[in-house]
Amino acid sequence: MLNGMKKHAKTAMLCTLAAGATLSFSSGASAKEVKTQPASYQTVTEIEDWGPAITKVIVDLGRAVPAGSVTAETFKVHVERRDSRLANPFLEKGERKVTKAFVADKNGNPAVGAGKYAVLEMEIGPNVSLSSAMNFDMDTFLNDWVDSEYTITQQKDILTPAGKVSGLVADTFAGGVRELVDDFGTGEATYDDVTLTYADYAPAKDNKKNPLIIWLHGMGEGGTDPTIPISGNKAANFASEEIQSYFDGAYVLAPQTPTFWMDGFTGFGDGTSKYQEALMSLIKDYVAKNPDIDPDRILLGGDSNGGYMTMLMIRDYPEYFAAAFPTCEALDDTLIRDEEIQRMKNLPIWFISAKTDTTVPVNQYVVPTYNRLIEAGAKDVHLSLFDKVIDTSGLYKKEDGTPYEYDGHWSWIYVYNNEVSKTIDGKLTTLMEWLADQSLDK
């Protein structure tokens with residue numbers, strides 16, 4: 001009897017101690033502080049409709065902590081943005097709003113049980129400039145990557161079975177990833193002293209020939225860093241799983257001019273380009289070096305300056321391309337001769353623009369050109385003329401609750417998201433479905 005009472009007392013004491021330990025772990029009131037390695041961080045950049053945004057940071061905590069021990073209030077995130085091209089590189093600084101946080105593995109995946117890293121997801125949006133990974137220089141009219149220097153400061157203790165982690169400050173940059181962009185390779189090629197850089201994406205080898213999508217960038221994406229033409233806006237999305245699925249795997253080639261495609265021999269946008277012959281040579285060489293590209297399925301598109309260049313290419317090489325999709329194209333209709341309309345009319349073309357485009361007003365550019373092609377007897381030429389360019393994700397709104405409205409020139413957003421569609425031959429057809437069906441041997 002006495003032994004039984006002692007056993008119950010011992011058990012009760014152990015339970016009390018366990019409860020006390022649990023209380024200490026959960027409250028942190030008496031937990032000892034544990035040492036960690038110096039903290040560092042990585043950035044994750046994603047290409048949004050308006051351009052590249054740093055959407056999250058991954059903090060190396062220096063030791064494993066339990067899943068669920070990090071919340072959106074655990075850390076404060078401060079950033080300072082700089083553009084080294086400028087005489088005064090400083091752009092802005094401020095606090096990023098953390099919207100979600102969780103313990104993760106080194107790749108940023110939610111941890112099971114415990115993990116050594118914390119993912120901090122942050123607010124982004126077309127007007128959240130602190131998140132932007134690029135800056136547009138009004139003097140050069142070119143985009144470039146900026147330096148975003150982060151300082152992540154711990155605000156609340158992280159409780160672990162060994163004690164509490166506190167006082168972490170992560171201000172050492174340990175690298176970053178750029179989703180989709182990192183799936184592209186880069187290169188350059190020179191023809192008659194004209195050098196073009198380019199980004200390219202190759203699908204998985206599948207023992208069949210694949211189409212090639214060529215995308216020509218707008219004014220802001222010129223230069224010598226070929227990641228900018230696929231990142232300044234959402235052109236990297238041509239390599240996304242969704243877009244690739246329409247083509248069962250497609251090559252993507254994004255050439256870059258050192259200045260502007262509209263650099264003409266007599267002036268800006270004069271109906272010529274100093275880069276046209278070099279561009280055609282690059283395309284032909286790229287096709288030759290990749291024998292599994294189907295030469296009957298070469299698809300050409302571009303926006304703004306790139307739309308201008310698209311028009312020059314299909315004007316002068318209409319037999320080479322299977323289809324074209326000029327977007328907010330900037331070739332003035334008065335520069336297109338009637339005989340050139342006759343040459344282009346048999347090429348499948350899908351024009352995209354918006355009525356609110358004040359940069360290249362549609363009634364001066366795309367609308368009269370489209371009408372002339374139809375009057376000339378074009379059988380597979382289409383025009384998607386949007387009323388305006390708005391956010392279709394439902395995530396971003398104006399103060400009155402209506403969808404956020406982008407600059408009317410930005411109709412390329414609809415292209416990258418495959419939100420261009422039309423009823424063709426009795427069937428609602430998206431732009432990507434239409435492009436996937438084009439071939440010179442039809």
Side-chain angles (χ1 to χ4, degrees), residues 39-61 67-83 90-104 107-111 115 117-136 143 145-156 158 168-182 231-234 236-237 240 389-407 410 413 416-417:
S40 60
Y41 72 90
Q42 301 175 62
T43 56
V44 177
T45 301
E46 299 178 56
I47 312 303
E48 307 293 340
D49 286 345
W50 61 87
I54 296 177
T55 58
K56 62 190 77 167
V57 289
I58 303 175
V59 182
D60 185 344
L61 301 172
S69 63
V70 171
T71 71
E73 290 74 39
T74 303
F75 291 95
K76 179 176 69 175
V77 179
H78 181 274
V79 65
E80 184 168 317
R81 299 176 64 242
R82 295 177 177 274
D83 185 340
F90 175 78
L91 294 173
E92 62 176 339
K93 63 182 178 180
E95 305 296 325
R96 298 283 310 270
K97 179 181 179 181
V98 179
T99 58
K100 182 180 178 181
F102 55 89
V103 177
N107 296 318
N109 301 309
Y117 300 83
V119 171
L120 310 180
E121 297 183 0
M122 298 171 292
E123 179 187 31
I124 61 170
N127 292 325
V128 182
S129 59
L130 285 173
S131 71
S132 180
M134 273 190 186
N135 184 52
F136 182 74
N143 277 303
W145 298 103
V146 299
D147 295 320
S148 294
E149 299 174 359
Y150 280 84
T151 301
I152 299 107
T153 306
Q154 187 176 355
Q155 301 294 295
K156 293 189 175 183
I158 300 172
L168 290 178
V169 177
D171 57 6
T172 300
F173 178 58
V177 297
R178 296 179 290 194
E179 294 188 0
L180 285 181
V181 177
D182 292 341
S231 307
N233 43 54
K234 210 175 180 180
N237 213 44
S240 69
V389 182
I390 61 171
D391 170 65
T392 58
S393 70
L395 296 175
Y396 311 107
K397 300 181 184 298
K398 294 188 288 188
E399 289 184 0
D400 63 3
T402 57
Y404 181 87
E405 185 173 350
Y406 293 99
D407 187 301
W410 292 19
I413 290 175
Y416 300 140
N417 292 328

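The two atoms that bring K156 and Q154 nearest to each other are O-NE2, 2.7 Å, heavy atoms only. Shown here for F102 and G108, the closest heavy-atom pair between the two residues is CE1-O, 3.6 Å. Between S69 and T74, the shortest heavy-atom distance links the atoms O-OG1, 4.4 Å. The two atoms that bring S148 and R81 nearest to each other are OG-CG, 4.0 Å, heavy atoms only. Residue L61 comes nearest to I158 through the heavy atom pair CD2-CD1, 4.4 Å, listed as atom of the first residue, atom of the second, then distance.
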May I have the step-by-step check of side chain to side chain contact (heavy atoms under 4.5 Å, CB included) for V70 and Y117, ending in yes or no? CA-CA 10 Å; V70 171; Y117 300 83; over 6 Å; no

Can K234 and N417 be said to form a side chain to side chain contact (heavy atoms under 4.5 Å, CB included), step by step? CA-CA 9 Å; K234 210 175 180 180; N417 292 328; 2.9 Å; yes

Evaluation steps, side chain to side chain contact (heavy atoms under 4.5 Å, CB included), between H78 and K93: CA-CA 7 Å; H78 181 274; K93 63 182 178 180; 4.0 Å; yes

I'd like to know whether N233 forms a side chain to side chain contact (heavy atoms under 4.5 Å, CB included) with I413, so could you lay out the CA-CA distance, the side-chain angles of the two residues, the decisive distance to 0.1 Å, and finally the verdict. CA-CA 8 Å; N233 43 54; I413 290 175; over 6 Å; no

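Remark: A111 pairs with V103 by the side chain to side chain contact (heavy atoms under 4.5 Å, CB included) rule, at least two apart or across chains. Applying the side-chain hydrogen bond (donor to acceptor under 3.5 Å, both in side chains) criterion to N143, with sequence neighbours excluded, gives E221. With sequence neighbours left out, S393 forms a side-chain hydrogen bond (donor to acceptor under 3.5 Å, both in side chains) with D391. Partners of T151 under the side-chain hydrogen bond (donor to acceptor under 3.5 Å, both in side chains) rule, at least two apart in sequence or in another chain, do not exist in this structure.
Between atom CD of residue E405 and atom NZ of residue K398 there is a gap of 5.0 Å, rounded to the nearest 0.5 Å. Atoms OG1 and CG, on T172 and D60 in that order, are 10.5 Å from each other to the nearest 0.5 Å. Note that CD1 of I58 and CD1 of I152 are 11.0 Å apart. Values are rounded to the nearest 0.5 Å. Taken from NZ in K100 to OG1 in T71, the straight-line distance is 13.0 Å, to the nearest 0.5 Å. How far CG of D147 is from CG of N135: 11.0 Å, rounded to the nearest 0.5 Å.
Considering only heavy atoms from C-beta on, W145 comes within 4.5 Å of P52 through its side chain.
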Table please: side-chain donor-acceptor pairs of residues 39-47 below 3.5 Å, with sequence neighbours left out.
{"unit_1": "Y41", "atom_1": "OH", "unit_2": "Y150", "atom_2": "N", "d": "3.0"}
{"unit_1": "E46", "atom_1": "OE2", "unit_2": "T55", "atom_2": "OG1", "d": "2.7"}

Tabulate below the donor-acceptor pairs under 3.5 Å that side-chain atoms of residues 120-134 make, not counting sequence neighbours, or state none.
{"unit_1": "N127", "atom_1": "OD1", "unit_2": "Y404", "atom_2": "OH", "d": "3.2"}
{"unit_1": "S129", "atom_1": "OG", "unit_2": "E92", "atom_2": "OE1", "d": "3.1"}
{"unit_1": "S129", "atom_1": "OG", "unit_2": "E92", "atom_2": "OE2", "d": "2.9"}
{"unit_1": "S131", "atom_1": "OG", "unit_2": "V128", "atom_2": "O", "d": "2.8"}
{"unit_1": "S132", "atom_1": "OG", "unit_2": "M134", "atom_2": "N", "d": "3.3"}
{"unit_1": "S132", "atom_1": "OG", "unit_2": "M134", "atom_2": "O", "d": "2.8"}

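Judged by distance alone, with hydrogens and angles left aside, the side-chain atoms of N107 form no donor-acceptor pair with the main-chain N or O of N109 at under 3.5 Å.
More than 12 heavy-atom neighbours from other residues, nucleotides or ligands sit within 6.0 angstrom of NZ on K397.
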